[in-house]
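What follows is a single structure, and I will ask about it in a moment.
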Amino acid sequence: MAETVRAMVMPGPGRPLEIRRFPAPRPEPGGAVLETVASEVCGTDVHLHHGRLAGVPYPIIPGHINCGRILETNGPLHDVEGQPLTAGRLVTFFDVFGTCGECWYCLVAKAGTRCPRRRVYGITTSAADGLLGGWAERIELKPGVRVLPLPDGVDAEDFMGGGCGLPTGFHAVERAGVALADTVVVQGSGPVGLNAAIFASLAGAGRVLVIGAPAARLEAARGLGADDVLDITAVPDPAARTRWVRERAGGRGADVVIEASGSPAAVPEGLDMVRDAGTYVVVGQYTDAGDATISPHAHLNRPHVTVRGCWGFEFTHFHRALQLMARHARRFPWRQLVTREYPLEDAGRALLDMERLAVVKALVRPAI
């Protein structure tokens with residue numbers, strides 16, 4: 001076993017990333033150590049680098065959605081089905097840990113994503129706490145972290161092509177309550193929007209429309225089965241985009257609109273696109289990018305619209321999304337969303353490419 005391992009550290013907002021060496025981890029009782037196969041470069045990592053999230057304990061090791069091989073465990077390790085997980089198994093893990101199961105949000109509201117003790121790998125874990133992010137050669141799995149083996153037929157490339165957007169998009173579609181034959185509009189063609197489009201199709205949508213940019217992401221949406229796409233750079237007028245939707249939705253508007261763009265301006269526009277008595281789900285506003293103006297009368301009350309927020313995801317979404325990936329990987333080629341892979345020392349370049357939307361999906365591969 002190596003005495004030290006390398007990790008890419010984000011020292012603070014706006015500061016250059018740094019390769020640092022850490023003592024090779026050993027698992028705590030009930031925990032494990034993974035050899036990192038791949039780690040996602042997520043839009044969240046861009047926000048972290050700009051200091052847009054509160055309470056981040058810099059310096060951190062980014063990378064909250066990961067895939068790795070079990071190197072070592074300290075005691076028995078099992079998946080949710082009770083099956084043993086041993087050295088050499090290719091796995092991922094639920095990046096959230098520490099949810100208490102005892103507070104009002106956990107017990108009464110049944111909203112684990114709002115638990116105040118909730119911690120997230122690569123986001124709310126400091127580099128001083130250990131290798132708790134995926135931009136590293138190894139990852140420590142704390143006791144109680146929920147580990148999922150990749151199902152038969154799902155490779156690391158498939159899973160990482162889904163990445164964070166896989167369970168997040170699943171959760172958004174669940175919140176939307178998509179019904180058979182619904183017309184669904186997805187605002188945003190990034191990983192969350194693309195996965196929302198996939199799961200809307202699997203939920204039985206009759207038509208899925210994706211609005212976003214740049215062209216490469218819209219082409220990916222078509223490849224994943226979107227019935228039609230609209231490039232916001234080619235059609236900059238929001239009113240024209242709303243007309244485009246209504247022309248494809250019986251003149252009434254979409255049954256469901258899912259905002260996955262991260263732009264506050266998308267919200268009033270999306271509310272204009274949804275039909276009377278339809279549903280609007282906001283999943284893309286992960287950071288406070290500013291305000292948007294809506295009319296409570298025209299956007300909410302008179303059209304009798306249901307509006308739902310969607311924050312993160314829970315283990316149930318992660319597990320069920322992965323099961324659906326195993327069943328439908330041939331129909332929806334998630335792995336093709338991976339535009340480029342980067343060695344650990346090039347994680348800064350990967351972050352910049354993600355910010356510029358030069359890639360659909362970027363991965364850090366410590367072994368290359």
Side-chain angles (χ1 to χ4, degrees), residues 27-32 42 44 47-48 53-57 60 64-66 73-85 91-126 129-130 132-133 139-149 162-178 192 195-196 199 203 256 258-260 279-288 300 305-324:
E28 299 177 33
C42 179
T44 299
H47 295 315
L48 288 167
L53 297 178
V56 178
I60 63 171
H64 63 110
I65 297 295
N66 310 288
T73 65
N74 189 344
L77 187 67
H78 298 86
D79 66 13
V80 71
E81 307 286 353
Q83 298 301 310
L85 299 171
V91 300
T92 183
F93 61 93
F94 184 38
D95 58 335
V96 173
F97 69 104
T99 304
C100 70
E102 300 175 349
C103 69
W104 187 90
Y105 284 102
C106 287
L107 291 177
V108 180
K110 300 296 183 183
T113 63
R114 305 312 306 141
C115 175
R117 298 184 193 176
R118 177 180 183 266
R119 300 181 71 196
V120 186
Y121 272 72
I123 299 176
T124 65
T125 52
S126 171
D129 297 328
L132 303 181
I139 307 171
E140 299 177 55
L141 297 189
K142 291 287 190 180
V145 169
R146 300 297 181 185
V147 184
L148 290 89
C164 178
L166 184 79
T168 306
F170 182 102
H171 190 192
V173 170
E174 180 185 74
R175 291 283 284 169
V178 174
V192 172
N195 277 280
F199 289 118
V256 170
I258 297 173
E259 182 281 315
T279 299
Y280 190 68
V281 174
V282 178
V283 69
Q285 305 296 315
Y286 188 65
T287 61
D288 188 351
L300 304 178
V305 169
T306 298
V307 180
R308 289 180 171 171
C310 183
W311 181 257
F313 54 88
E314 299 189 53
F315 180 82
T316 180
H317 308 115
F318 200 33
H319 182 270
R320 288 188 289 157
L322 189 56
Q323 300 310 304
L324 285 175

Side chains of Phe318 and Val96 in contact at under 4.5 Å (non-hydrogen atoms): no
Salt-bridge contact Arg119-Asp129 (side-chain N to carboxylate O under 4.0 Å): yes
Determine whether Thr44 and Leu53 make a side-chain contact, defined as any pair of heavy atoms from C-beta on separated by less than 4.5 Å. yes
Please determine whether the number of non-hydrogen atoms from other residues, nucleotides or ligands lying under 6.0 Å from atom CZ of Arg146 exceeds 12. no
Distance in Å, Ile123 CD1 paired with Cys42 SG, rounded so as to fall on 0.5 Å steps: 7.0 Å
Answer yes or no: is there a donor N or O on one side and an acceptor on the other, between the side chain of Arg308 and the main chain of Arg175, under 3.5 Å? yes
Is any side-chain heavy atom of Tyr121 less than 4.5 Å from a side-chain heavy atom of Lys142? yes
Measure the CG-CD1 distance between Asn66 and Ile139 for me, rounded to the nearest 0.5 Å. 4.0 Å
In terms of heavy-atom contacts, Leu107 and Glu102 come closest through CD1-O, 3.2 Å
Side-chain touch His319/Glu81, heavy atoms, less than 4.5 angstrom: yes
Quick check: closest heavy atoms across Ile60 and Ser126, and the distance to 0.1 Å? CG2-CA, 4.4 Å
Value for CD (Glu28) from OG1 (Thr73), rounded to nearest 0.5 Å, stands at 13.5 Å
Sidechain-backbone polar pair: Thr125 side chain, Leu132 backbone, donor-acceptor under 3.5 Å: yes
If the plane angle is over 60° it's perpendicular, under 30° parallel, otherwise tilted; pick one for Tyr286 and Trp311. parallel
Just so I know, are the side chains of Leu148 and Val80 near enough to count as touching, which here means a heavy-atom distance under 4.5 Å? no
Any idea how His171 and His317 line up, ring-wise: parallel (<30°), tilted (30 to 60°), or perpendicular (>60°)? parallel
The reported gap from OG1 in Thr316 to CZ in Phe94 (rounded to nearest 0.5 angstrom) is 10.0 Å
Shortest non-hydrogen contact from Cys100 toward Cys106: SG-SG, 4.0 Å
Distance-minimising heavy-atom pair for Thr99 and Cys115: CG2-CB, 3.8 Å
Within-4.5 Å side-chain heavy-atom neighbours: Val173 and Ile258: yes
Inspect the surroundings of OH in Tyr105 and state if more than 12 heavy atoms from other residues, nucleotides or ligands are less than 6.0 Å away. no
Could you state the interatomic distance from CG (Leu77) to CG (Leu85), rounded to the nearest 0.5 Å? 5.0 Å
Determine the minimum heavy-atom distance between Cys310 and Val281, stating which atoms define it. CB-CG1, 4.0 Å
Tell me, do Phe313 and Cys164 make a side-chain contact under 4.5 Å, heavy atoms counted? yes
Between Pro76 and His78 the two heavy atoms that sit nearest each other are CB-CE1, 3.5 Å
Once you round to the nearest 0.5 Å, how far does NE2 of His47 lie from CG of Asp288? 11.0 Å
